[in-house]
Amino acid sequence: MFKSRLNFILEYLLNLPLLKVTIMLEITRIRNEKDRLIEDLKKRGQDFSSVINQISEFDEQWRSKKTELESLLAESNKISKEIGELFKSGKIDEANVAKNKVATFKAREQELKGEVDQLNDEIQRLLYDVPNVPQDIVPEGMTDQDNEVVEEIGSKPNFDFEAKPHWDLAAEYDLIDFELGVKVTGAGFPFYKGKGAKLQRALINFFLAEAEQAGYTEYIPPFVVNEKSGYGTGQLPDKEGQMYYVGEDDFYLIPTAEVPLTNIYRDVIIPENEFSKKMTAYTPCFRREAGSYGKDVRGLNRLHQFDKVEVVRIEHPSKSEEALEEMLDHVRGLLTKLGLHYRILRLCGGDLGFTSAITYDFEVYSAAQERWLEVSSVSNFETYQANRLKLRFRDENGKTQLCHTLNGSALALPRIMAAILENHQTNDGILIPEPLHKYLTFRKIR
RNA sequence: GGAGGAAUGGUAGAGCGGUUGAAUACACCGGUCUUGAAAACCGGCAUACCGAAAGGUAUCGGGGGUUCGAAUCCCUCUUCCUCCGCCA
């Protein structure tokens, strides 16, 4: 089992065929604007100059070897054709002379091919280590302390009683059973019960309805994906340990609907500006989240399985900034309608995801825990994912160009659930926000 | 899980190991004709990479092999279809 998986990965990485180049950051960018890339990547708090210089060096060697190889092949091909004609016209002796001549090329061809392949593999491997380039407005900084608060909406609720954390409320009203989850599966896999389950379902319905309203097409995708899809959106090889793996069949449980949704367009050339592609899906999300502990994981704060409604967009490069703004508006609307106090952060370079060019996080205030909880992350990946996916469109000149991809949570359920329980609690129950009324038969949990 | 069959360009569908990157048809794009459209006729129409260009290289599901030469032969993997079994 394990062996077959290793083989697959090895095959994928090492046998990338000579001309089927799947690259991450486009190699052309390294050729054309190397110094600028190195400079811009510094914002991530890491120096990528040695990797990039190494890639650049290998790339030059690769090109010169490749040119040599190809001219040799051209010569062989030409002679082979002539041999065919010689045989046809019965000039067997001449044909045999030519055959011997071609044979002398063989060794050099083999040698060059080996070198070209090896250089190519090496370049691919190195490219996987280079993250996306942060946009200009991404703030400098190393940790979440350096994230920039760009907006804060609403105000902290005032209670004339001691606000309870959601795990106490969940127990009191019998909404979520964490211990039962531990028994049946393990920590981080809670059961939602009764009104807790219904509230969860209402939220999903609400989010999907809002997404539809905003023009997103709803999908119900597979909840497991293959290895290629993992590479396509960049979960592999970078975050391999984060995903649950089904060894028997070489599948990964999805950590987000982004993976199946975006991979719909893997190896696709979108015809004549059929933009925008707007997709939404509700899915459970599975994350191993190795290394988490303490108060961060208490209650619903961090789970191995959680529900999320995701929105994904595929855009013309000139339209992706606008699309990002629309997505931010969409998420703002959701939180406002639910009556939650929230803020928006622009992530700093050091906190930015590997594949993202810019990310905004939405955080809701947890009244009882007195802290901010991340409920949404909205990102523009520009061409980074599209390059891995080979997701392109045809421009007006008929040339293929990479699309931009974006996605965002709209929204992740557990912390929204937590925030609703905590912020809408009263002395005698929990008030259901108005937009959810039509999905529920009760207005208050008591 | 067992037994068979198949995989070629946007689609359909040819292709004795040697001018096949690939016939043909449809679709699509441009043009002629037409008041306009249709029809007819003419032309164009895969992708990627290297190259300033000329041009070259690679690709007929993936990988490997035989050969001077492979869409065509061999091995292997994957996927799909048909039949049987199992099953929500």
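So that the names make sense, note that chain A is the first sequence line, chain B the second, and so on, each numbered from 1.
A gap of 32 Å separates the C1' atoms of B/U32 and B/U20, to the nearest Å. The gap from the C1' atom of B/A37 to that of B/C33 amounts to 12 Å, rounded to the nearest Å. Using atom C1' as the reference point in both B/G36 and B/A46, the two lie 35 Å apart (nearest Å). Look at the C1' atom in both B/U24 and B/U76: the space between them is 34 Å, to the nearest Å. Comparing the same atom, P, in B/A58 and in B/A22 gives a spacing of 14 Å after rounding to whole Å. Here the separation of B/G17 from B/G9, taken at their C1' atoms, is 22 Å to the nearest Å. Spacing of P atoms, B/G63 relative to B/A71, comes out at 13 Å, to the nearest Å. B/G10 sits 7 Å from B/A27 when the C1' atoms are compared, rounded to a whole Å.
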Pairs under 3.5 Å (N/O, protein and nucleotides 15-23 of chain B):
residue: B/G18; atom: N2; partner: A/S80; partner atom: O; Å: 2.9

Could you list, one pair per line, each protein nitrogen or oxygen that sits under 3.5 Å from a nitrogen or oxygen of nucleotides 44-47 of chain B, together with the distance?
residue: B/U47; atom: OP1; partner: A/R394; partner atom: NH1; Å: 2.7
residue: B/U47; atom: OP1; partner: A/R394; partner atom: NH2; Å: 3.0

Short N/O separations, protein against nucleotides 50-52 of chain B, under 3.5 angstrom:
residue: B/C50; atom: OP1; partner: A/R31; partner atom: NH1; Å: 2.5
residue: B/C50; atom: OP1; partner: A/R31; partner atom: NH2; Å: 2.8
residue: B/C50; atom: O2'; partner: A/T67; partner atom: OG1; Å: 3.0
residue: B/G51; atom: OP1; partner: A/R63; partner atom: NH1; Å: 3.0

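For the residue pair A/Q110/A/E115, the side-chain donor-acceptor check at 3.5 Å is not satisfied. A/E26 and A/T383 share a donor-acceptor pair across their side chains, judged by distance under 3.5 Å alone.
Summarising the geometry, the separation between CG on A/D267 and P on B/U78 is reported as 20 Å, rounded to the nearest angstrom. In this structure, CD1 of A/I270 is placed 16 Å from C1' of B/G10, rounded to the nearest angstrom. Regarding A/K228, its NZ atom lies at a distance of 13 Å from the P atom of B/U78, rounded to whole Å. Atoms CG (A/L391) and P (B/A48) sit 13 Å apart, rounded to a whole Å. Atom CG of A/N226 is separated from atom C1' of B/G62 by 14 Å (rounded to the nearest Å). In this structure, CG of A/D117 is placed 13 Å from C1' of B/G64, rounded to the nearest angstrom. Atoms CG (A/L69) and P (B/G55) sit 21 Å apart, rounded to a whole Å. Rounding to whole angstrom units, CG of residue A/L73 and P of B/U67 are separated by 17 Å.
Pairs passing the ring-ring contact (aromatic ring centres under 6.0 Å, His included) check and including a residue from residues 177-211 of chain A, sequence neighbours excluded, read A/F189-A/H304. For residues 196-225 of chain A, every residue pair satisfying the salt bridge (Lys or Arg N to Asp or Glu O under 4.0 Å) rule, not counting sequence neighbours, is listed here: A/E210-A/K337. Annotation: side-chain hydrogen bond (donor to acceptor under 3.5 Å, both in side chains) contacts involving residues 32-56 of chain A, sequence neighbours excluded, comprise A/K34-A/N53, A/R36-A/D40, A/E39-A/K42, A/D47-A/S49. Identified under the salt bridge (Lys or Arg N to Asp or Glu O under 4.0 Å) test for residues 166-178 of chain A, with sequence neighbours left out: A/K164-A/E172, A/D174-A/K193.
Considering A/R313, A/K277, A/K278, A/H330 in turn, A/R313 is the only one that fulfils the side chain to side chain donor-acceptor pair (under 3.5 Å) rule with A/Y216.
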Show the atom names and distances, to 0.1 Å, of all donor-acceptor pairs under 3.5 Å that link a side chain in residues 71-82 of chain A to residues at least two apart or in another chain.
residue: A/S71; atom: OG; partner: A/T67; partner atom: O; Å: 3.4
residue: A/S71; atom: OG; partner: A/E68; partner atom: O; Å: 2.9
residue: A/S76; atom: OG; partner: A/L72; partner atom: O; Å: 3.4
residue: A/S76; atom: OG; partner: A/E109; partner atom: OE2; Å: 2.5
residue: A/N77; atom: ND2; partner: A/L73; partner atom: O; Å: 3.4
residue: A/S80; atom: OG; partner: A/S76; partner atom: O; Å: 3.1

Show me, pair by pair, the donor-acceptor contacts under 3.5 angstrom made by side chains of residues 435-443 of chain A, not counting sequence neighbours?
residue: A/H437; atom: ND1; partner: A/R443; partner atom: NE; Å: 3.3
residue: A/H437; atom: NE2; partner: A/I432; partner atom: O; Å: 2.8

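Sorted by residue number, the members of residues 89-104 of chain A with any non-hydrogen atom under 4.0 Å from RNA chain B read A/K99, A/V102.
For A/A357, the side chain to side chain contact (heavy atoms under 4.5 Å, CB included) test picks out A/N132, A/Q135, A/E382, with sequence neighbours left out.
Counting heavy atoms from C-beta outward, A/I420 and A/H424 have side chains that approach closer than 4.5 Å. Taking 4.5 Å as the limit, some side-chain heavy atom of A/E227 sits within range of a side-chain heavy atom of A/D250.
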Just do the side-chain contact (heavy atoms from CB on, under 4.5 Å) check on A/N263 and A/V225 with the steps written out, would you?
-> CA-CA 9 Å; A/N263 273 284; A/V225 293; over 6 Å; no

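Electrostatic pairing of A/E111 and A/R108 counts as a salt bridge here, judged by a charged N lying under 4.0 Å from a carboxylate O.
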The dot-bracket string of RNA chain B, counting Watson-Crick and G-U wobble pairs with both distances under 3.5 Å, using [ ] for crossing pairs and | for pairs to another strand, is ((((((((.[[[..)..(.....]]].(((((.......))))).(((((....))))).[[[[[..)....]]]]])))))))....

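Nearest heavy-atom pair, A/A211 versus A/T280, reported as atom, atom and distance to 0.1 Å: CB-OG1, 3.7 Å. Nearest heavy-atom pair across A/A257 and A/P260 is O-CD, 3.2 Å.
Using bins of under 30°, 30° to 60° and over 60° for the plane-to-plane angle, the ring pair A/H316/A/F275 lands in the perpendicular bin.
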